[in-house]
Every structure is written in structure tokens, then in C-alpha cells.
Amino acid sequence: MRSLSEIDTISKRASRAKGFSWGVCEEIGKSVKYLELFGLPGLKNLNQYLKIYDQNKFQQIKLISKSNISENKYHCPISSGIGFLDQIKSLEKLKSLEFNKIAYPILFLPFASRASEILGKKILVKIDEKEFILNFNQSIFGNYSKNEIWENANSVFINFLDNNNSFNEVEWKEMTKFANETFVEESDELKEKSAGAGLTDND
Amino acid sequence: MEVQLRSPKEIMKLSRLGCFHQSKLSFLRSFLEEFKDWKYSRDLFELNKEGFGRAVYSFSKNNRTYSLVCFANELKDNERSDRVIATKWDAAFALHDGVPNKQDIDRLYKNVPKQEVGRLSYKELTLSRANRSVRLFNEVVESLSNGRQPNKKILSKVGYLYRTTAVYGSGKFGLADRFRVKNRPEIKGPFRLEMMLVYLVRQFTFDQINHISKNKNPKKFVELDSEIAKGLGIGNSTGLGMAPFIVNHPTLLNNWVLARETILKKIRELENVDKDQFNIFFTCLKKSIKNVENWNTDSDFQKKKIKELFKDLEKTIKYLETINVNQKFLFNEIYKWAENQVCNECLEYLVSIFMEPFDGIVNEFKDKMSSDEDKYFTIPTERKTSELRDILEKNYSDILKLDFSKKENNHNFWFISKNKEEPRLGNRFELNGSELEQPLAISRDIKKLYERVIVTKNSLSIAEFLIENNDLRHAVRRAFIIEKFPYSEILDNTIGQQLMPIDMLRFKLSFFGAIKFDPRSDKWLRICMFQGAPLPNQLNNFDDKWVYETLN
């Protein structure tokens, strides 16, 4: 088994060989490492992406906007990912955004995952019919578990999720009731003898 | 009285880093402190008469066990090389996480002796190999098998029976990634597992030499005296592989130096120093002179440094003999005197020995020397280019003065060799391959970044700046790291003609706790580790200033 450190290093070096700048290669290495850590096929997809990188001429993107449409070519997952990560503070205000086409969309995910950590918000990424919830770069939860090369996605929809609870107030109250059973009923005597401060503190 | 931390612009110069010495903070000393109450055992020792075979040593406590698996191999003299390009060694080692079963040992037997071309698993933590110091090894065998203890003078001149030529960890060749073990309290400090491997290898060398000597002449044989064994360490040959590490791990570099500098500041700020504390310092200093006297090298560069150190140490001792030890801020006075009176080699030597009496100050820093580097990786792209410019001007002012259009400032390039995947350094005007340069020319790239930043609109965000300047993304990242971690950067030119790469190696090795730096060229050196250290069966009761008690 290859270690994550080896995966990081090989991804960085392989990307450098294709002409990415060192700083970008560092980002790629880290991203593929995260994908593999989260159980997604990062190295496999990067390998295929690098193989056709010279011929394919992906659509590079600089400023990311609400709607990122490319007429012909598929967006480059690396430049889209790095742009998304770098511009995340301004993109958050858009609440949601979309790309019509992204090549090797798995490679876009770790950048969005790191963006989730920066924002302190979960991010929902819908790639074609697959959904991924990015949890502050601690995990990626989704309905996709194939160990395969995913060449192209025709639509990528990104939604910044508000920090809401997954439960309602009634459920919270019911849990509170259970939790209260660990407390001692408070009598006058307990109040007087066991509380830290005095009964009046008007001194 | 508040003493300021020494400026990174003074300390982070290569020539200064190349004057650092072992100290109480050194990882091998911290390792012994951490593991002194662990149970040591030799679990397997299956060597043939010639000393070839396998052995297992372990440290265990509660439910945790670390086991060193050793393989000793037959090696012809013409196959023995300390260079990284070697493919065979006298012995090879892996530190296994837990107790290895037979399948584990068999698996390791197929892989560990191959080193870089073998594969390890997440169950292994560190990997290494070592070669005998042949002449000394044979002499000791000769003595012991004839019923004599070896000549101490000859032993102390070399200082070890084996030299390791690389120690790998943190995910290399399939070894366990750091994240798997980083929360274990006993290895919170850096390089604990590498130090454990080297320490147990040292014991293996003693056991092996006793075994060979005994088999050579069972009737006359005597065991190597434990006091003599204690005076022997493990050698290490280190080349350029170590140099990029300190460039590639900026927050770690910071934490090592910051710990040392903060301790120095705290010691200088002590208003009242006990006479006993001064005496501990002074005694260690005087005893350490023997280490300097016994510091052998053929390197003219190092000989000159040792000569100056020796001269200045004598001068310091004379000064300390007459100093008023009751004066306030005693160590600050000594430091200020030394700053003006002795060379940097001696000044940094004194800084190291200052720590000896002050467990209370030093110990809290031992666990603060690691770094969760991923935490500081992301560039704060919402910041402005004006802020980036300020950071560059504040932290890299000397670097910004360098002119990289001059050949002498742009002389070298760092690259990775294809056959061994090891870092090398070459003259860019003479050798091929500079187009494949590694990103270790930080000063040049920082200067390039500054030249772009000063012609960029101040209000531009870093995110916007990076759109057109992603080729310098690595330099932008470093600039924001140095803002928070002032000792994170070598503030010197790592590609200049005057570069002495061994300064980088020595700096790192001093934090390991190495002594007797012996440069064999400007690109590699030999050192000694654990010389004078307690043997495993002495760990429950030892003097933590053992480093000043050698064979001498």
C-alpha cells in the first residue's frame, strides 16, 4: 500500500512534469492526498487527467462567477478548483454557483472541501446526478463510491449550506429531557450548602 | 528586565545555523528522557557464527510496543559504500509498530535489506541501514576474542562501530504516515521514532560484536565492557538528502529555533541564579572541552572552526572563573560578554550549555517542537497585496538586496537525481538539468515576488494577484507563513556560489543531538550520535548530562 505521503509527493512531481507551477503542484499533491484519505479515487483521476493534459487544452478559468459556462471545452478541474479555493470569501456571497462542464470532476472536490473548512460551512456539490456534502475538510459524504475514472461532468452545482441543525426543536427538547435525568433534584438545603456563591451578592 | 528574542535576520543565516550544537532540547536526549521507564528487551537473536542473521529488540509500556527488526548481511569489502547510491549494507533495520510475528519478520526480511527498492507497510514506522566501521570493528573483535578490552584511545577517535547512512520515516517507501501515530503522547516531540531506531541499532552493534568475538574464540573471549560500550555511539553519514527538509518544513523549522531562542531569552531574563545552577553550567562547559579536543576531522573548514572554538572556550573559562556569580541577570551578563568576545561557533556552543541547569525552563518546550503543517498551508487570499509587500519588506530585507542577475548569486541549482530520487546540487552554468530545478531557491523567488508586488495595485486581493502570478504561488505561501513564524525561513541565498550546504545539514543534525561534525566535503559529513548515552539496561537511572561523559 502506498502511503499518503508518497501519494502527495508523486502527485506533486507528476504535475510539475506537466508544467504546473510549484505552488500549484503543492496544492494538487495535497488535494489528491485528501481524496485518497476520504476514500475517493484521486490518483487514478489525476493520472488520466495528466495523460491527456497536453492534447486536451481544458478551459482555464480565472475569475469564478455565479454561472461559469464554457461553450466547447470542459473546464480544467485544477484551475477551477484553485480559483474556487482562492476566491471563496467572495463566492460565498453568491450562495450558490454552477459550472456547465468540468473535466475529471473528482479532482475539483478537494479544493471545495478545503474551502468548506475556510468558510466554516458545509458545501453541497452536485455533479450530474451525484451529490457530495463537504464537511469542513474533515470528510466527504456522498452517494458515489466507485473506484473509477470520471472523465466529464456536464453540470456542477455548488451550494453553500447555512449552519443549520439537522434536527428540530421538538427533538432537541426530548433529548434535553433524557439528559436532565442525570441531574440531582435541587432542594433548599442543596441550594444553601452546595452552591458556590452566596444567595445575595449585593456587596 | 525583558530581553528581546534574537532577530531571525541574525540567527537564520546559514553560517550561523552551521554553528549550532547539541543541547538539552536535542531529540536524542529527549527520546531517552521519554522512554527511560519503558521496558527494554531483546526478543530475538538468531545470528550465525559470523554474525549474520536477524534480531528483534523492543521497548514496551502498558499496551504499546515498538520493535526494532534487524537483519545483518554478509557484505564484501568492495560492496561497502556510505553513499546514497549504495545498494547493499552490513545491516538493515525497520522499527515495527507492535510485536512482529513470524510472517511480519519474513516479509521484512524480503524488503528491509533492499531499503529504497523494498516496500514497507503501515505497520512499520522507520527504516534504516548501516555499515561497519570496518577497521575498528575488526580490531574490537580481535581484542575481545583474545580476552582483552579494546584500546579506548582508538575507540574514542572513531566513536562508533557502525554508521547509518540514512534513516527514513513519515510515509517513505510505504512506512506509516505521521498522522497514524502523531497523537501518541510518547512521540509528540519530533523524530522520536528515528531516535529510537538509532538507539536500538547501537545496542545491536554491541550484541553482534560480542557474539562474533565469542564464536571466534569461545575460551578466551571477554564481553565488551559496559563502560566502554557506553562511550560508543552510532555514526551517521549524511549527504544533501537532509538539506531540502529544512526548506520544505518551514513551520517545523520555526518551532525548533523558536524553542531554542525562547529558552535563551528566559534564561537571560533570570534575575537571580543559584550558585548551584551556575556550577552545573560551568561543570558541563569544562567537561565538554574533552569533546572538542576529541573532535577529529580532515576538513580544513571544520578544523579552523574547531580551533577558534577551542581558543574561545579557554577564554570563556578564564572569564567565568573570575565572574561574580552573585550578580543579577548573571546569564545575560555572560551572554552579552560572549556576544562581543567569542566567535559564533563558541557563542552558539554556550547557548546550548546554558540550558543544562534549567530543566524547569527547557522541558515545557520539548513537546512544542512538532508542527501540524497542514494547518498553515492555505494562503489567506482575502488579504491585500499591500500587506504582502509589508511582510516581504519586514522579513526578507536582506534577501531583497541580493542581485540574482549576477552569476555568483544564481550559481547553483537543486535537483533530484533520477536513479536514487535524492536531492543534489549542481552548477547551473556547467551541468545539464537546471530546467528541472527544485523549488529550493527561496531567496531568488521571494525577490522575484517582491518585484511583482511593488508594481501591483495595493488594494488588489491576494486571490486577484494569484490569477496572474500563480507561478510564484509557493513564494506567496511562504511569505504568509513567515509572518506568523519568524524563524521559518533560512534568510540566506541557497543557490549562491558561496553556499556551504553542510551548514544546512549541521543545523538539522544539531537538533538531533549529533556531535563531532566531520565534513567530508562541502556536501556531506559524518557525525556521531548517542556517544556516552546510557545503555538500555541503565535507562531507569542515568545522569541526563551523559553527553559530557565520553570515553575521553
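In what follows, every chain begins at residue 1, and chains take the letters A, B, ... in the order their sequences are listed.
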Asks: Do S5(A) and R178(B) have side-chain N/O donor and acceptor atoms under 3.5 Å apart?
Replies: no
Asks: Please look at S170(B) and chain A and tell me whether the side chain, the backbone, both or neither of the residue comes under 4.5 angstrom of a heavy atom of that chain.
Replies: backbone
Asks: Kindly compute the distance separating CE (M1(A)) from NZ (K123(B)), expressed to the nearest 0.5 Å.
Replies: 13.0 Å
Asks: Salt-bridge test for K172(B) and E6(A): reply yes if a basic N is under 4.0 Å from a carboxylate O, no otherwise.
Replies: no
Asks: Side chain from CB out, backbone as N, CA, C, O: work out which of these in I7(A) comes under 4.5 Å of a heavy atom of chain B, or both, or neither.
Replies: neither
Asks: How many angstroms lie between atom OG of S461(B) and atom CD of Q87(A), to the nearest 0.5 angstrom?
Replies: 8.0 Å
Asks: When only pairs under 4.5 Å are counted, which of G174(B), S121(B), A475(B), P380(B) shares the most heavy-atom pairs with chain A?
Replies: G174(B)
Asks: Should R2(A) and R119(B) count as side-chain neighbours, where that means a heavy-atom distance under 4.5 Å?
Replies: yes
Asks: Quick check: do D471(B) and W22(A) have side-chain heavy atoms less than 4.5 Å from each other?
Replies: no
Asks: Measure the CD1-CG distance between I82(A) and N470(B) for me, rounded to the nearest 0.5 Å.
Replies: 6.0 Å
Asks: More than 12 heavy atoms of other residues, nucleotides or ligands under 6.0 Å from OH of Y144(A): yes or no?
Replies: yes
Asks: Looking at E435(B), I'd like to know if its CD atom is crowded, meaning that more than 12 non-hydrogen atoms belonging to other residues, nucleotides or ligands lie closer than 6.0 Å.
Replies: yes
Asks: If we ignore hydrogens and angles and just use 3.5 Å, is the side chain of T381(B) paired with the main-chain N or O of D86(A) as donor and acceptor?
Replies: yes
Asks: Using 0.5 Å steps for rounding, measure from the CG atom of D177(B) to the CG atom of L4(A).
Replies: 4.5 Å
Asks: Counting only heavy atoms not in K18(A), do more than 12 sit closer than 6.0 Å to its NZ atom?
Replies: yes
Asks: Can a salt bridge be assigned to the pair K30(A) and E373(B) using a cut-off of 4.0 Å between side-chain N and carboxylate O?
Replies: no
Asks: Heavy-atom count around Y109(B) OH within 6.0 Å, excluding the residue itself: above 12?
Replies: no
Asks: Would you call E117(A) and K375(B) a salt bridge, taking side-chain N to carboxylate O under 4.0 Å as the test?
Replies: no
Asks: Find the distance between CD1 (I88(A)) and OG1 (T378(B)) and round it off to the nearest 0.5 Å.
Replies: 11.5 Å
Asks: Is it true that atom CD1 of I10(A) has more than 12 heavy atoms of other residues, nucleotides or ligands lying nearer than 6.0 Å?
Replies: no
Asks: Taking atom CD of Q55(A) as the centre, report whether more than 12 heavy atoms of other residues, nucleotides or ligands fall under 6.0 Å from it.
Replies: yes
Asks: Taking atom NZ of K188(B) as the centre, does the number of heavy atoms from other residues, nucleotides or ligands within less than 6.0 Å exceed 12?
Replies: no
Asks: Quick one: CD on E26(A) to CZ on R473(B), what's the gap to the nearest 0.5 Å?
Replies: 9.0 Å
Asks: Strictly below 4.0 Å, N to O, side chains only: are D374(B) and K33(A) in salt-bridge contact?
Replies: yes
Asks: Taking atom CG of N180(A) as the centre, does the number of heavy atoms from other residues, nucleotides or ligands within less than 6.0 Å exceed 12?
Replies: yes
Asks: Which bit of R180(B) is near chain A, if near means a heavy-atom gap under 4.5 Å: side chain, backbone, both or neither?
Replies: side chain
Asks: So what's closer than 4.5 Å to chain A heavy atoms on I416(B): side chain, backbone, both or neither?
Replies: side chain
Asks: Between K62(A) and E468(B), is there a side-chain N and carboxylate O pair less than 4.0 Å apart?
Replies: yes
